[in-house]
Enquirer: 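Here it is: the structure, laid out below.
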Amino acid sequence: MHNLEVYNSLKRSKEQFKPIAEGKIGMYVCGPTVYSDVHIGNCRTFVSFDVIYRFLLYLGYKVRYVRNITDVGHLLDDGEDRISKGARKHNLEPMEVVQRYMNGFHKMMDIFNTKKPDIEPRATGHILEQIEMVQAIIDNGLAYEKNGSVYFNTKKYLEEGKAYGELSGRKIDDLLSMTRDDLKNQDEKDHPSDFAIWIKASPDHIMRWNAPWSVGFPGWHLECSVMSTKYLGETFDIHGGGNDLKFPHHENEIAQNVGACNCQPARYWLHTNMLLMNGRKMSKSEDNSITPQELFSGDSKHISQGYHPMALRFFMLQSHYRSTLDLTDDALKAADKGFKRLCDARKTLMSLESSSANGSKDQEIRGILDGAIAEMCDDFNTPKALAKIFELVPIINSYADGKIAADSISQELLASAKKEFEAIYTDVFGLYDPQEEGGGSHDALDKVMRLVLDIRQDARTNKDWDTSDKIRDGLAAAGITVKDGKDGSSWSV
RNA sequence: GGUCGGGUGGCCGAGUGGUUAGGCAGAGGUCUGCAAAACCUUGUACGUCAGUUCGAAUCUGAUCCCGACCUCCA
């Protein structure tokens, strides 16, 4: 079995990963609040966790991957619910807003080739459980009611010797000294660091449910506490989310779980870092943002061309999930080219053959493949794993060109290399070759191209360069690249 | 102001107390009818100042700069 190490945000260090139940993993990842079109930054986070999920599966774990949809309770600065605001703005039912953006989110996740979570619970589907958890926290003396709203008592929590601020490295003194005058119902709180777990709805608030304290709605952090507990148990293995959720969201989530059942929700907390653009946080107001669609189409002043979703996925894999990733046109162009090279090498590898019983290169190749997996075991180090795989590229190409002797790779190793390369490329990295999209439907084109290249080859044999170049240039104009190799020509779109 | 994370070659981006990251771009070469592709070779580096050390870009301290978070955020 592989020795997997993960960086635990809670401990601020890498730890050996040991699941609670042997062979099984419960993983909860904070999903999006569906109040607007999905942001490319969200995509990075969910692609990161997708690779983590995929790799855990690759290692043979049975994983239950839960990723929620937040469709209520997430307040804006002005105190208005994000979903309500969207509904009011577009004159829609809140659930219409939710459905629209949830659909868009799912579509985008498909475009980025992420695997679906095993359970995707929604906050509004768990109001009852949330009310129960509020009650449990009250019963444990860690929450108080004020005018129909219920607040978590952080001071009491600390006095009971429980750690508030552990995850985000915050001290209660700092939190207490902090003032934010514009917070809704700030005056109702006993302490500034307390937070709402049930909020009484104002008369014009659309989303509302009956609860013992008032007609209202749950606080933002509650749904994750509730749904992770419901589907993964009071304590589970991995909790993930974006770095920006550490505080207050995850900190409060922990407090709620501890407050309700006196147990830590997750053993390992994984946080992904932010996606920047041109060195800065993406921000619509500062004219420094780009949508996924714009990235695909190239229709943005920030980029010079469109990029395929898989090239973007590759771009994301080239950095570690805990590092910020700077999105620039130059970086995307480099990733795009590198990705194509990897795809070509993969295609070449699959066409290679060997009849040799043993090979002088076997050990080197074996080492590279094992090395890639070993890098993944080191806190899901995709850039290093990718670098390893790239070491294979010159070997593959040289072998195909006959620059490496045919008997230097054994039949057996070549077969397992194909299988393992494919497993890493497809199953772990979650990539596919854009040229193979629609797989197998290019039969007709394939035959046409074989004919065209055949004609061109005849022309070349007759040194009829005009015809040969005319074909090549004509195909190039149609977006088809011809590559002349030692054993004839090949083509790609 | 508080907390955390960074500053690596032309651009991204890993990593490490002494040994090649990798990708893209650049240079030279091989191949080619010419190209492209491919292959080979190759340069450029660790913010600044001190300190620890036989040796630091890697550890420590100071300093400058950047980013994120501080109840909107993936």
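Quick note on labels: first sequence line is chain A, next is B, and so on, each numbered from 1.
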Enquirer: What is the base-pairing partner of B:G5, counting Watson-Crick and G-U wobble geometry with both distances under 3.5 Å?
Expert: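 B:C66 is the nucleotide pairing with B:G5.
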
Enquirer: In Watson-Crick or G-U wobble terms, both distances under 3.5 Å, what is the partner of B:C34?
Expert: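 Base partner found: none.
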
Enquirer: Counting only side-chain N and O atoms of A:Lys403, is one of them less than 4.0 Å from OP1 or OP2 of B:C31?
Expert: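 Checking B:C31 against A:Lys403, no side-chain N or O comes under 4.0 Å of OP1 or OP2.
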
Enquirer: Under 4.0 Å, heavy atoms only, any strand: does A:Ser468 hit a base, just the sugar-phosphate, or nothing?
Expert: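 Base contact - A:Ser468 has a heavy atom under 4.0 Å of at least one base atom.
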
Enquirer: Using Watson-Crick or G-U wobble geometry with both distances under 3.5 Å, which nucleotide pairs with B:C11?
Expert: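 Paired with B:C11, as far as the under-3.5 Å criterion goes, is B:G23.
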
Enquirer: Taking the C1' atom in each of B:C59 and B:C40, what is the distance between them to the nearest angstrom?
Expert: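 To the nearest whole Å, 39 Å.
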
Enquirer: Assign A:Leu325 to base, sugar-phosphate, or nothing according to its heavy-atom contacts below 4.0 angstrom with the strands shown.
Expert: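 Touches sugar-phosphate only.
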
Enquirer: Is A:Glu375 paired with A:Lys384 through a side-chain N to carboxylate O contact shorter than 4.0 Å?
Expert: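 Here A:Lys384 pairs with A:Glu375 in a salt bridge, since their nearest N and O are under 4.0 Å apart.
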
Enquirer: Whether A:Arg67 engages the ring of A:Phe49 as a cation-pi pair (distance to the six-membered ring centre under 6.0 angstrom, angle to the ring normal within 45°) should be assessed.
Expert: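 Relative to the ring axis of A:Phe49, which defines the angle, A:Arg67 lies outside at least one limit.
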
Enquirer: Can you see if the side chain of A:Arg341 gets near the phosphate of B:A25 - specifically, an N or O under 4.0 Å from OP1 or OP2?
Expert: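 No, because none of the side-chain N or O atoms of A:Arg341 sits under 4.0 Å from OP1 or OP2 of B:A25.
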
Enquirer: Does B:C39 have a Watson-Crick or wobble mate here (both distances under 3.5 Å), and if so which one?
Expert: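 Checking every strand shown, B:C39 finds its partner in B:G29, with both distances under 3.5 Å.
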
Enquirer: Quick check on B:G13: is either OP1 or OP2 less than 4.0 Å from any side-chain nitrogen or oxygen of A:Ser323?
Expert: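 It does not, given that no N or O in the side chain of A:Ser323 lies less than 4.0 Å from OP1 or OP2 of B:G13.
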
Enquirer: Regarding A:Asn381, tell me which of base, sugar-phosphate or nothing describes its non-hydrogen contacts under 4.0 Å with the strands shown.
Expert: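 The residue A:Asn381 makes sugar-phosphate contact but no base contact.
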
Enquirer: Using a heavy-atom cut-off of 4.0 Å across all strands, would you classify A:Asn42 as base, sugar-phosphate, or nothing?
Expert: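 Base contact - A:Asn42 has a heavy atom under 4.0 Å of at least one base atom.
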
Enquirer: Would A:Arg366 and A:Glu420 pass as an ion pair if we require N to O under 4.0 Å?
Expert: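 A:Glu420 and A:Arg366: salt-bridged.
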
Enquirer: Given B:U71, B:G13, B:G22, identify the nucleotide with an atom nearest to the side chain of A:Pro383.
Expert: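 Nearest to the side chain of A:Pro383 among the choices is B:G13.
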
Enquirer: Just N and O in the side chain of A:Asn397: are any of them under 4.0 Å from OP1 or OP2 of B:C39?
Expert: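 A:Asn397 to B:C39 OP1/OP2: side-chain N or O found under 4.0 Å.
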
Enquirer: Using a cut-off of 6.0 Å, state whether more than 12 heavy atoms not belonging to A:Lys418 lie near its atom NZ.
Expert: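 More than 12 heavy atoms, drawn from other residues, nucleotides or ligands, come within 6.0 Å of this atom.
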
